[in-house]
Amino acid sequence: TLAYARARGREHRALINGSPDDLIPRVTRYLWEEFRIHMQAVAPKIIPGSRGEVSPGGRVLKYNERLSDAELREVLAHELGHLVLHERLT
């Protein structure tokens with residue numbers, strides 16, 4: 001449900017410390033510590049039609065190297081949501 005998704009989001013934001021200062025390094029560290037997933041900037045042609053995606057086999061979150069910091073934060077939040085809500089790769 002939406003209430004469940006919001007509750008899980010709040011839970012993980014608290015663990016990460018959801019303030020915007022240094023958010024990208026903190027989420028990067030959290031992805032590694034919690035899910036053993038590392039991040040990899042890639043050329044857009046590697047992930048056509050996508051700004052970012054988790055590759056289950058390689059335990060890597062690939063993201064478009066041309067993203068701004070604001071766009072990268074959105075991608076990280078989106079992919080983290082998949083990991084948390086769908087328990088992918090865990």
Side-chain angles (χ1 to χ4, degrees):
T1 67
L2 184 55
Y4 173 78
R6 287 180 174 159
R8 293 297 308 264
R10 283 191 296 274
E11 174 186 322
H12 285 270
R13 269 194 309 275
L15 293 171
I16 294 168
N17 177 5
S19 72
D21 298 331
D22 298 324
L23 184 61
I24 292 171
R26 282 186 281 114
V27 172
T28 300
R29 187 172 46 253
Y30 185 76
L31 285 169
W32 177 251
E33 291 172 355
E34 189 71 19
F35 300 101
R36 292 294 186 237
I37 291 174
H38 67 275
M39 292 180 35
Q40 180 182 5
V42 297
K45 67 182 180 181
I46 302 297
I47 49 173
S50 179
R51 297 188 310 163
E53 60 186 44
V54 174
S55 172
R59 301 199 68 84
V60 61
L61 188 160
K62 296 176 184 175
Y63 65 93
N64 183 324
E65 65 190 2
R66 296 182 183 161
L67 296 178
S68 68
D69 283 354
E71 292 170 320
L72 181 55
R73 284 190 296 270
E74 289 176 13
V75 167
L76 292 175
H78 179 87
E79 296 303 329
L80 181 58
H82 284 299
L83 292 166
V84 169
L85 293 176
H86 306 303
E87 298 181 4
R88 287 175 36 197
L89 309 178
T90 59

Asker: Do the side chains of Arg66 and Glu71 get close enough for a salt bridge, i.e. N-O under 4.0 angstrom?
Answerer: no
Asker: Any heavy-atom pair between the side chains of Val75 and Leu67 that's under 4.5 Å?
Answerer: yes
Asker: CZ of Arg6: more than 12 outside heavy atoms within 6.0 angstrom?
Answerer: no
Asker: Are side-chain heavy atoms of Pro44 and Glu65 found at a separation under 4.5 Å?
Answerer: yes
Asker: Any heavy-atom pair between the side chains of Val54 and Phe35 that's under 4.5 Å?
Answerer: no
Asker: Please check if the side chain of Arg36 supplies one atom and the backbone of Leu31 the other of a donor-acceptor pair under 3.5 Å.
Answerer: no
Asker: Taking the side chain as every heavy atom from C-beta outward, state whether Gln40 and Leu61 have any atom pair closer than 4.5 Å.
Answerer: no
Asker: What's the spacing between Tyr63 OH and Leu76 CG if we round to 0.5 Å?
Answerer: 8.0 Å
Asker: Quick one: OG on Ser50 to CD1 on Ile46, what's the gap to the nearest 0.5 Å?
Answerer: 12.5 Å
Asker: Please tell me whether Leu80 and Ile47 are part of a single hydrophobic cluster in this structure, the criterion being side-chain heavy atoms less than 4.5 Å apart.
Answerer: no
Asker: Ring pair (Phe, Tyr, Trp, His ring centres under 6.0 Å) with His78: which residues, sequence neighbours excluded?
Answerer: His82
Asker: Linking I/L/V/M/F/W/Y whenever any side-chain heavy atoms sit under 4.5 Å apart, do Trp32 and Val60 land together?
Answerer: no
